[in-house]
Amino acid sequence: MEEHKYILELLSKNELQEEITEGEFSLIGIFKELYKQGYITAIDASSSDGECYLEPRITISGRKFLSELTNPRSAPSHSINIGNISSGTFQVGNDNSLSVHVSVQELVENIAKSNDLEAKSKLKELLNNATVAGLIGAGTTALLALLLKA
């Protein structure tokens, strides 16, 4: 990325020549990459003789990219060594999201196995609700049977 930064810096200071040719500019490949990404505008005068770009200028997005290359955001670095990990849900990292999916059957089975009478009562009330029963359908009866078995 240093070559990218170098070319963009030259353009931002208007210090790059007005004609960029394959034979005279050793970083023509990187120049072309920046051009194709929209970081540079130029007149493409390439021909069978080789690549040639006239009147190169840095674009607004090129200035933003140069700013990112010059002043990268530094994330806090932390070193954490983790030995053995075993878990159904586990997350490590910055700005991650964690999704946990539990089926209704798993929920009912785990609450049925518990000794929590309040949770069992509330779950039974939930399963007997007309809206919930309509959403779950015929499975409601089977789930209630699981709950009442325990």
Side-chain angles (χ1 to χ4, degrees), residues 1-114 116 118-120 122-127 129-140 142-143 146-147:
M1 287 292 173
E2 283 301 313
E3 291 99 351
H4 297 77
K5 181 179 169 185
Y6 172 72
I7 292 171
L8 291 172
E9 283 176 339
L10 288 176
L11 284 168
S12 71
K13 298 174 189 172
N14 290 322
E15 294 178 358
L16 196 61
Q17 62 262 27
E18 289 292 308
E19 184 178 320
I20 308 296
T21 59
E22 192 172 349
E24 295 177 19
F25 190 69
S26 62
L27 300 174
I28 190 77
I30 294 176
F31 180 91
K32 187 176 177 182
E33 181 183 331
L34 291 166
Y35 172 79
K36 285 186 174 187
Q37 292 294 319
Y39 298 134
I40 294 173
T41 60
I43 299 168
D44 186 352
S46 300
S47 67
S48 59
D49 292 339
E51 311 234 52
C52 179
Y53 296 89
L54 305 173
E55 300 176 18
R57 303 285 181 261
I58 188 169
T59 63
I60 291 172
S61 59
R63 290 184 190 283
K64 288 179 184 175
F65 184 55
L66 176 60
S67 176
E68 290 172 15
L69 292 173
T70 306
N71 306 310
R73 286 188 235 158
S74 59
S77 61
H78 303 284
S79 294
I80 300 172
N81 295 319
I82 301 172
N84 296 322
I85 299 171
S86 59
S87 172
T89 56
F90 186 79
Q91 173 182 356
V92 175
N94 294 333
D95 302 321
N96 293 327
S97 62
L98 179 65
S99 297
V100 177
H101 300 277
V102 177
S103 71
V104 176
Q105 182 172 351
E106 287 176 298
L107 179 69
V108 172
E109 287 173 352
N110 286 321
I111 290 177
K113 291 177 191 173
S114 76
D116 190 340
E118 182 183 2
K120 288 180 182 181
K122 288 186 179 193
L123 182 58
K124 183 178 174 186
E125 184 181 331
L126 176 69
L127 291 173
N129 178 282
T131 304
V132 173
L135 290 170
I136 296 174
T140 306
L143 292 171
L146 272 174
L147 188 60

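Basis for what follows: all heavy atoms, side chains included, without hydrogens, waters or symmetry-related copies.
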If I compare all heavy atoms of [X] with all of [Y], which pair ends up nearest, and what's the gap?
{"X": "Ile111", "Y": "Leu123", "answer": "CD1-CD2, 3.9 Å"}
{"X": "Ala42", "Y": "Tyr35", "answer": "O-CE1, 3.5 Å"}
{"X": "Ser12", "Y": "Glu9", "answer": "OG-O, 2.8 Å"}
{"X": "Glu19", "Y": "Thr21", "answer": "OE2-CG2, 3.4 Å"}

Distance in Å, [X] [atom1] paired with [Y] [atom2], rounded so as to fall on 0.5 Å steps:
{"X": "Arg57", "Y": "Ile43", "atom1": "CZ", "atom2": "CD1", "value": "9.0 Å"}
{"X": "His4", "Y": "Phe65", "atom1": "NE2", "atom2": "CZ", "value": "6.0 Å"}
{"X": "Met1", "Y": "Glu3", "atom1": "CE", "atom2": "CD", "value": "10.0 Å"}
{"X": "Leu8", "Y": "Leu34", "atom1": "CG", "atom2": "CG", "value": "5.0 Å"}
{"X": "Ser46", "Y": "Leu54", "atom1": "OG", "atom2": "CG", "value": "9.0 Å"}
{"X": "Ile60", "Y": "Tyr39", "atom1": "CD1", "atom2": "OH", "value": "13.5 Å"}

### Query
Got Leu127 and Val108 here, is their nearest side-chain heavy-atom distance under 4.5 Å?
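Leu127 reaches Val108 side chain to side chain.
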
Is there a side-chain contact between Tyr53 and Ile40 (heavy atoms, below 4.5 Å)? no

Exercise. Just one of Thr41, Ile20, Leu10 clears the side-chain contact (heavy atoms from CB on, under 4.5 Å) bar with Pro56, so which one?
Worked result: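 For Pro56, the side-chain contact (heavy atoms from CB on, under 4.5 Å) check succeeds only for Ile20.
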
| field | Test side chain to side chain contact (heavy atoms under 4.5 Å, CB included) applied to Ile30 and Tyr6, step by step | value | CA-CA 10 Å; Ile30 294 176; Tyr6 172 72; over 6 Å; no

Residue pairs meeting salt bridge (Lys or Arg N to Asp or Glu O under 4.0 Å), one or both in residues 21-45, sequence neighbours left out, come to Lys32-Glu51

Under the salt bridge (charged side-chain N to carboxylate O under 4.0 Å, His left out) criterion, do Lys122 and Glu118 qualify, and how do the steps go? CA-CA 6 Å; Lys122 288 186 179 193; Glu118 182 183 2; 3.3 Å; yes

**Item:** CD/Glu125: more than 12 non-hydrogen atoms of other groups inside 6.0 Å
**Value:**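 Open: at most 12 neighbouring heavy atoms sit under 6.0 Å from CD of Glu125.
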
Taking everything shown except Glu18 itself, do over 12 heavy atoms lie less than 6.0 Å from its CD? yes

Does Thr70 use its side chain to pair, donor to acceptor, with the backbone of Ser67 at less than 3.5 Å?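 Side chain of Thr70 to backbone of Ser67: no pair is present.
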
